[in-house]
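Note on naming: letters A, B, ... go to the chains in the order of the sequence lines (proteins, then strands), and numbering restarts at 1 for each one. Quick note: numbers below take in every heavy atom, side chains included, and nothing from hydrogens, waters or symmetry partners.
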Amino acid sequence: MSSENGHPEEEPQQAEQLALIRELVRKADVPRAKPRTWRGAPLAAELPVARVLVDKGPVHLDRLWDYAVPAELDADAQPGTRVRVRFGAGARNVHQGRREGGGLLDGFIVERVAESDYQGPLAAIAQVLSPEPVLGPQLLRLCRAVADRYAGSLADVLQLAVPPRHARIEAEPSPALLPPPAAPQPGSWSRYPTGPGFLDALARGGSPRAVWTALPGEHWAMELARAAAATLASRRGVLIVVPDGRSAARVDAALGELLGPGRHVLLTADTGPEERYRRWLAVNRGAVRAVVGTRAAMFAPVRDLGLLAIWDDGDGSHAEPHAPQPHAREVLLLRAAHQKAAFLLGGFSCTVEAAQLVRTGWARPLAADRERIRAVAPLVRTVGDGELARDEAARAARLPSLAWRVAREGLERGPVLVQVPRRGYVPRLACDRCREPARCADCAGPLEAHDADGALHCGWCGRRQDGWHCAECGGTRLRARVVGARRTAEELGRAFPAVPVRTSGRDQVLDTVPDTPALVVSTPGAEPVAEGGYAAALLLDGWALLSLPDLRAGEEALRRWLGAAALVRGQEAGGQVVIVAEPTLRPVQALVRWDPAGHAVRELSERAELGFPPVSRMASVSGPADAVAELLAAAELPSEAELLGPVPVTSRGAAPGEERVLVRVRPGLGGELAAALKTAQAVRLARGAGPVVRLRMDPPDIG
DNA sequence: AGCACGCCGACT
DNA sequence: GTCGGCGTGCTC
């Protein structure tokens, strides 16, 4: 396939690059030393050198250290085991018999080799914590690839990938592996023209890759379970990553229904640390071959991986908040490439990244015919600003009369969902006339007005913009308006006093609601499933979502609307959706036509024109101004790298005087960019540890 | 990060 | 003459 995107196909070239850098970082040609006897203690007869990754500590220790393997630890000190080693200046003194010193640090044996290229005497491994090989070769390779991709340290990634140890759990035997199940019937996969073929390929041991646009009302958890069962039938393993515990529980239930007990495990944060480690060990030991879980499960060491699946990749929960902040979709893509496994990315909506996988030909679309979509999608109706202005009832009650009518009708037939915005968004500027986001004339970054004088500055390159006018329509006035709608929902509840009002939100999320008339007020993402589908839905958060301070505002709005609208009965069953948003806006049109993939394709081509991610690759470098400048000057960036900024960092937690620079490269150079920044960072830290500079690949918050 | 070694000022 | 300031540099 082409190398036009930043996806797994750039990986071999990247690996080569990094191998080269590792080589350079290592000392120049020195004669290879055999491990010397340490205090005269006998060494392991074979492969007496252990290459150890020290688990914690500063970034410049992110390399392997050679230790001698004493004969008595030979059997236990295998690759992948957790060990303790003496590390620090004092360790040598121990060797010379002077006094104790050098702290004990935890680490992992990465490999056993015959000789070391370190010239001095090797210290011995102090202790093998347990003979359990928790860091197998494939997991190690994955973690290294993730660290490289995100310009992070291997130690940081291992912290995400290998759970903390519980000795008692390790002592327990894992259950025996059950024989593979029979291949499942295609079931509702038959509603997609290529669905049965996809399932069949999985069952036969093939590795199809698909971007699946789920039909409205789809019992997607069962579809994922069927794909898992087909893969297990081919004697291969499965990993399914979903955004939250609620979704994980649904897939868990579907897997249980289809496979019976003992063939899969659920890995989520709700499970206590010990039980979690028990399940993780069962997976690592090959006793269980199917895993469903939330983002931390993206590293689950499933054996013989046949299928990697992710549901709703646009959900922000898939982005790991801990360094180096890998995204579950990208990690699964790396795994699919490494292991030649099948890949299934599904959702009611479609991200630009997913559209890019299809565009480059890496994955095939898996979607239903238009006719079938029309039959099962609810009828979507819009209320734009013009209508709102003319609508007397709306002005009085802050709710358009169409919404009243649809709610009243819906409540005669079942529950009605009301989606209201969450608090705490930051509006950005848009053209008052056509709502196109206001963009910088120089680099197309988002404009901000954070000065009291009202002057406009670019959020990326920091340049002042005078005399702004809209590139789309020529308008010269800006707006930052948002609609507060929570109160509207409360008023709606008062207007239907006979009907119960249930709420689902951040603090208390309802899982399901019964099939009886009720107003169900929910924030995006917390919508309960209605047993027979909602009779209607009101989407009242149009402007709040569209003015999120994000490049993805449109995509995110559409994703949330589709997530709610997919819970509504089809229009043949009378299901209706009313959205309070301008009908000319692209995401609104995509909702009306129920065409998320088309929306993502258009967003993608627009990003390509503007040089936005994921069509370009970006890194953000932030910290004290001089430190940022110093790092960038030292980094051997790809020659055509484009520097945007610096701009002052205004986010929470940033010290005054901090700045941020964005580095942009064309697709395919992301690996090179990450490697260059990581090397420069390591060099900086190795000498003198100046003020901290934060690196972030693919920053999500670039406006 | 720790913790060494190392090369210049005021104290018994 | 020594004790000790914390400025570079290494840690398998």
Sequence neighbours excluded - side chain to side chain donor-acceptor pair (under 3.5 Å) pairs with any residue from residues 281-302 of chain A: E132(A)-R285(A), S174(A)-R285(A), R289(A)-D304(A), R295(A)-E320(A)

Length of the line joining [X]:[atom1] and [N]:[atom2], which is rounded to integer Å:
{"X": "L105(A)", "N": "dC3(B)", "atom1": "CG", "atom2": "P", "answer": "11 Å"}
{"X": "R84(A)", "N": "dT11(C)", "atom1": "CZ", "atom2": "P", "answer": "22 Å"}
{"X": "D156(A)", "N": "dA1(B)", "atom1": "CG", "atom2": "P", "answer": "14 Å"}
{"X": "L64(A)", "N": "dT11(C)", "atom1": "CG", "atom2": "P", "answer": "16 Å"}
{"X": "L104(A)", "N": "dC12(C)", "atom1": "CG", "atom2": "P", "answer": "12 Å"}
{"X": "Y67(A)", "N": "dC12(C)", "atom1": "OH", "atom2": "C1'", "answer": "5 Å"}
{"X": "L53(A)", "N": "dT11(C)", "atom1": "CG", "atom2": "P", "answer": "17 Å"}
{"X": "R112(A)", "N": "dC12(C)", "atom1": "CZ", "atom2": "P", "answer": "19 Å"}

Is the closest basic N to carboxylate O distance between R278(A) and E274(A) below 4.0 Å? no

Would you call R112(A) and E46(A) a salt bridge, taking side-chain N to carboxylate O under 4.0 Å as the test? no

Among residues at least two apart in sequence or on other chains, which ones pass salt bridge (Lys or Arg N to Asp or Glu O under 4.0 Å) with R236(A)? none

